[in-house]
Protein chains: 2
Amino acid sequence: MSDKIFVSAEEVARKAGVSRSAVSRAFTAGASIAPETRRKVMEAAEALGYHVNHLARGLMRNESGIVCLVVSDMGTPYRSALIKALTQQLQNAGKIAMIVNTDRSDERVDMALRQAIRYRADASIVLSGMPDKSLVDLCVRNGQRLVLINRDDEHQGPLRINLDDDDTAQSVVTAFLRAGCRRLAFANSEAGTPSLMTREAGFVAAARDQGLDVTVERFGPTGYESGKVLAQRLMTRRERPDAVFCVTDLVALGFMDAARHQFSLSIPEDLCVVGFDDIPQAAWSSYDLTTFSQPIEEIAAAAVAWLMSEDVGQSQSLRLNAPFVWRRSVRSA
Amino acid sequence: MSDKIFVSAEEVARKAGVSRSAVSRAFTAGASIAPETRRKVMEAAEALGYHVNHLARGLMRNESGIVCLVVSDMGTPYRSALIKALTQQLQNAGKIAMIVNTDRSDERVDMALRQAIRYRADASIVLSGMPDKSLVDLCVRNGQRLVLINRDDEHQGPLRINLDDDDTAQSVVTAFLRAGCRRLAFANSEAGTPSLMTREAGFVAAARDQGLDVTVERFGPTGYESGKVLAQRLMTRRERPDAVFCVTDLVALGFMDAARHQFSLSIPEDLCVVGFDDIPQAAWSSYDLTTFSQPIEEIAAAAVAWLMSEDVGQSQSLRLNAPFVWRRSVRSA
DNA sequence: CCCACCATTGCACGGCTTTGCAAACTTCTT
DNA sequence: AAGAAGTTTGCAAAGCCGTGCAATGGTGGG
């Protein structure tokens, strides 16, 4: 009863006294139609509450206007900021975002891509997890564009956007040394994501270059609570670290809270901390965390630009900079 | 070239040696088809990488499976948590979420709803802003379901989900009184959202019932930075408040940071603070904020349940409880 | 052995749009 | 005034799937 069907172009055409095609053309940018006719159509459409059916349009044009965002942990500050930037920029480009939540279970990423295919999404952007190679091939084969953000790997075809972490490890080690720290630690999660593992390896290597060992600890998921646990583990060691690089801001903040409130340490006097991501909370005055700023807007811009570009080109890889943000969680020289 | 078109049911049918309708039936739950035939179809489909075209299916069935989420400020902890819960539960119900970002400009909410109509979304869920009445009518008229979350107003037709704030103001006043506070303040933003204004009014009224005046201050958007500014304004008054109810956790955290670091106040000794939302950061040990917990999962569950239900029914209003969460930002008796 | 009945299957139409093509109409030139 | 050139417009096909209806094949009962 309430299921009054949507109004179709047919009805608008009748009301405006023109043909169905005229209605279609009135709503198609750059179509050949007389201004007067368009006006009549628009008037009738407005009166009837007509809206082009994008399902049917997508069917014809073979271009749905939908872009599928595949993501987990979207409650997290970094992720939600990225989603915000992406949706915004997609809209500006005339696309619309569809979200698939893949929390828990990696197999869900595959389901997500299948969903994207079913809705004939023009592109998919993967922010979490790693799709199966065969699925990636399937997407590419179907002419779907695919963007992998911070998913360091070597799939062919899609655009990969990663952070350039050549200098990050170096910067952190230098900062710690200048602050007079000698007992370095790295606080990691057990997620084992390539980007996180790379960060760890880079830091360990850079420290070794300076003749320093790094105590590495890993625990749980990549979040605030894990940071607290990591602090408990590292701060009860015989040789208590005086500087820690946390794999993520969220981990760093948990680490700081535990160090301060459970071990009564002062930051940066007793302990220097560096994080990664530059989430809003890192700038809060209780933390004032030195960190690396994820170029969120640039990432989103690059992704959108690529998937709007005419020529797909071959497998492309983009590396963006994550600038060092100096705050007060590290003693200055 | 790379635009190899998607594989259609036609091709699967040919490969499986059956008719196109058989393919359709193989993918339709409860359709009349022999198990053996279905197997053959599924096999061929898998081999070819066939996926039902939901655009076309939606066209036929007049049910796209899409639910449109209209939201602004999605980088915010509360909003992103709600989006996460909604996407999750929608997926469990076999729907998929489409997101329209309406940051800046209220007119965008209308554009969002139009977008929802164009994609023939089965429903729209509005988390921010207020759609125009005529637009709401249009949605309803088109048989689209509409859920308004925390958008206290009196539109007919859609489901409205609000928080039951009958006791919240009372609880806060009681807590402050027990803590021995007498100079109450309310820190609000200038957003002017009905739910925020109701919170303010409720608090002022409840305090008056106890014979107490409330100093109300309003500033900027509803966020951390505004909290800091509000603290600066309230803490430089002649009569410095000894208890403040902040309209939102984010505001409360900014308030606490400014109170501590700029005015060297101890919380809860010098100042009691209560927030609202119970975002993850409220539980962080630097803050330990007493607050009200938004029943996010329940909100999402209620929304999804309603839009999956058979009978739309008439305009329905739901009030959920936001339980008081005691932490250490208020002195205990 | 024939018929009624049931489970499957194929045909063809419907749902809504876009778009190539050819017809109709303007306008302007010569 | 007729023809050329250019605009507009309508027709009809195409894009992909779901489903009512009739036909098919098979089974069991009498």
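Proteins get letters first, then strands, A, B, ... in listed order; numbering begins at 1 in each.
- A donor-acceptor contact shorter than 3.5 Å links the side chain of B/Glu11 to the backbone of B/Ser8.
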Enumerate, atom names and distances included, each donor-acceptor pair closer than 3.5 Å involving a side-chain atom of residues 19-27 of chain B, sequence neighbours excluded.
residue	atom	partner	partner atom	Å
B/Ser19	OG	B/Ser21	N	3.3
B/Ser19	OG	B/Ser21	OG	3.2
B/Ser19	OG	B/Ala22	N	3.3

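- Between the two ends of the helix from C/dC1-D/dG30 to C/dT30-D/dA1, each summarised by a five-pair axis, the helix axis turns through 50° (rounded to 10 degrees).
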(request) I would like to know whether A/Ser64 and A/Arg57 meet side-chain hydrogen bond (donor to acceptor under 3.5 Å, both in side chains); could you show each step before the answer? (result) CA-CA 7 Å; A/Ser64 62; A/Arg57 168 178 282 187; over 6 Å; no

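- Annotation: ring-ring contact (aromatic ring centres under 6.0 Å, His included) contacts of B/His51 (sequence neighbours excluded): none.
- With sequence neighbours left out, B/Thr193 forms a side-chain contact (heavy atoms from CB on, under 4.5 Å) with B/Arg151, B/Ala191, B/Ser195, B/Leu196.
- Taking atom CZ on B/Arg14 and atom P on C/dG10, their separation rounds to 14 Å, with Å as the unit.
- A 4.5 Å side-chain heavy-atom check between A/Leu159 and A/Leu307 finds every atom pair outside the cut-off.
- Ion pairing between B/Arg114 and B/Asp110 fails under the 4.0 Å rule for side-chain N and carboxylate O.
- Within residues 35-42 of chain A, no residue approaches DNA chain C, by heavy-atom distance under 4.0 Å.
- With hydrogens and angles ignored, the 3.5 Å screen pairs a side-chain donor or acceptor of A/Arg79 with a backbone N or O of A/Leu127.
- Under the 4.0 Å criterion applied to side-chain N and carboxylate O atoms, A/Asp122 and A/Arg145 are not assigned as salt-bridge partners.
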(request) Produce a footprint string for nucleotides 15-20 of chain C: one letter per nucleotide, 5' end first; B if the base is under 4.0 Å from any protein heavy atom, S if only the sugar-phosphate is, - if neither. (result) BBBBBB

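- Here A/Asp103 pairs with B/Lys84 in a salt bridge; the nearest charged N to carboxylate O distance falls below 4.0 Å.
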